[in-house]
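Comments concern the structure below.
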Amino acid sequence: MSAEKTLEILELFDFESRTLSVPEIAAKLQQPQSSVYRHMRVLKEKGYIIEYSPGLYSLGYIFLKLAKIVKMDINLPAVSQDAMRELTRTTGETSILLVPSNLQAVCLASVPSGHPIKVSSEQGTIVPLYGGASSKALLAYMGDHVVEEIFRSGMVKKHTEQTILNLDEMLGHLQEIRDQGYAVSNSEIDYGVTAFGMPIFDCDDKLVASLSIAGPKERLENKETVEIVNALKNAVEKIQNQI
């Protein structure tokens, strides 16, 4: 029971209650203050609690170390699978998880719909960063210097009539993506394919991946954009809550 009470004390701390006093903790747990003091002494000695100011306690810095260990062990495709399956069920379209890699993007995972489409969504496939909603949801948050480097490198080439080949046009387009929070593409890399993509950030607000859905233009034109975007947003939030 002692260990259980100690964990209950730690669980009282959250974003709204970042500092707590012993009387507050005792009241919340309906425990005598003397008992709470004993637990707090052990937690303080082990570094799990620090005395933020006289009489007020907060979580200790050891949790930063533990959080870093957890982050290192996170398997992004694994923690994304449930959200991606739900996204595909909800939208009826293929969901794709993409990560940036050396001025390109790599497909980390995908959940296909029952409707095959001509789109690069196999695991391990390398795709350009400058075309398609999946990629542009990444590029929009990687900084203008990355965009400029891609255009200077000669990597940008015409895939379809919709591929953006002008740097200034691309910079303006990426700003629009940031303003609305998601990217949309129609036949930019693969003819007849429409896609919607959103960035995924970790707990440090660092860009880690993008999540998108892709399908035939004719079918997606008959679906409500707001419903697609909401489904995508819900899936992204579920993944972000785990990383």
Side-chain angles (χ1 to χ4, degrees), residues 1-84 86-87 97-103 105-106 108-109 129 137-146 149 177-178 181-182 197-211 232-243:
M1 290 298 291
S2 178
E4 184 178 338
K5 290 301 179 185
T6 301
L7 291 174
E8 286 178 357
I9 290 173
L10 293 175
E11 289 172 352
L12 291 177
F13 293 89
D14 55 28
F15 288 107
E16 284 71 42
S17 303
R18 295 195 295 276
T19 60
L20 291 167
S21 66
V22 168
E24 287 174 323
I25 293 171
K28 288 176 182 289
L29 296 180
Q30 296 182 329
Q31 293 289 314
Q33 289 188 32
S34 58
S35 175
V36 171
Y37 270 116
R38 286 198 299 272
H39 291 295
M40 294 295 281
R41 185 175 65 251
V42 174
L43 287 170
K44 190 175 177 181
E45 288 174 357
K46 298 295 184 181
Y48 289 94
I49 291 289
I50 59 173
E51 194 163 2
Y52 182 78
S53 62
L56 284 178
Y57 299 87
S58 63
L59 294 177
Y61 296 113
I62 193 171
F63 284 101
L64 292 175
K65 175 185 174 182
L66 297 177
K68 187 174 182 180
I69 294 171
V70 172
K71 279 182 65 178
M72 288 175 67
D73 287 338
I74 285 176
N75 184 320
L76 189 56
V79 302
S80 303
Q81 276 300 304
D82 286 346
M84 291 177 69
E86 179 61 27
L87 179 61
L97 185 70
L98 220 61
V99 293
S101 176
N102 298 324
L103 300 184
V106 178
L108 211 57
L129 269 174
L138 292 171
L139 188 59
Y141 297 89
M142 294 175 69
D144 289 354
H145 66 287
V146 175
E149 186 175 353
I177 292 172
R178 290 190 291 272
Y182 64 91
M198 278 187 184
I200 297 173
F201 299 95
D202 66 13
C203 59
D204 295 321
D205 208 29
K206 178 184 175 183
L207 177 71
V208 293
S210 72
L211 181 64
L232 199 53
K233 184 178 181 181
N234 289 337
V236 166
E237 288 177 349
K238 288 178 183 176
I239 295 171
Q240 289 183 157
N241 286 339
Q242 297 182 76
I243 62 174

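These numbers come from the heavy atoms of this one structure, side chains and all, not from hydrogens, waters or symmetry mates.
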Which distance, rounded to the nearest 0.5 Å, do you find between the [atom1] of [X] and the [atom2] of [Y]?
| X | Y | atom1 | atom2 | value |
| --- | --- | --- | --- | --- |
| L7 | L12 | CG | CG | 11.0 Å |
| I239 | M84 | CD1 | CE | 7.0 Å |
| Q242 | N75 | CD | CG | 11.0 Å |
| L103 | L129 | CG | CG | 7.0 Å |
| F201 | Q240 | CZ | CD | 7.5 Å |
| D82 | L87 | CG | CG | 12.5 Å |

Minimum-distance pair of heavy atoms, taken over all atoms of [X] and [Y]:
| X | Y | result |
| --- | --- | --- |
| G181 | P199 | O-CD, 3.9 Å |
| L59 | I50 | O-CG1, 3.9 Å |
| A235 | A83 | O-CB, 3.7 Å |
| G47 | I62 | O-CG2, 3.3 Å |

In the structure I gave you, are the side-chain heavy atoms of [X] and [Y] within less than 4.5 Å of one another anywhere?
| X | Y | value |
| --- | --- | --- |
| D202 | L207 | no |
| V236 | K233 | no |
| M198 | L211 | no |
| L20 | L56 | no |
| K238 | E86 | yes |
| L98 | L138 | yes |
| V42 | T6 | no |
| M40 | I25 | yes |

Pair Y57 + Y52: ring centers closer than 6.0 Å: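 No, they do not, as the ring centres are separated by 6.0 Å or more.
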
Give a yes or no answer on whether the side chain of [X] reaches the backbone of [Y] with a donor-acceptor pair at less than 3.5 Å.
| X | Y | value |
| --- | --- | --- |
| E24 | S21 | yes |
| R178 | A140 | yes |
| E51 | G55 | yes |
| S17 | F13 | no |
| R18 | F15 | yes |
| D204 | K206 | no |

Side chain to side chain contact (heavy atoms under 4.5 Å, CB included) between L97 and I200, worked out: CA-CA 10 Å; L97 185 70; I200 297 173; 3.7 Å; yes

More than 12 heavy atoms of other groups within 6.0 Å of D14 CG: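 Result for CG/D14: enclosed.
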
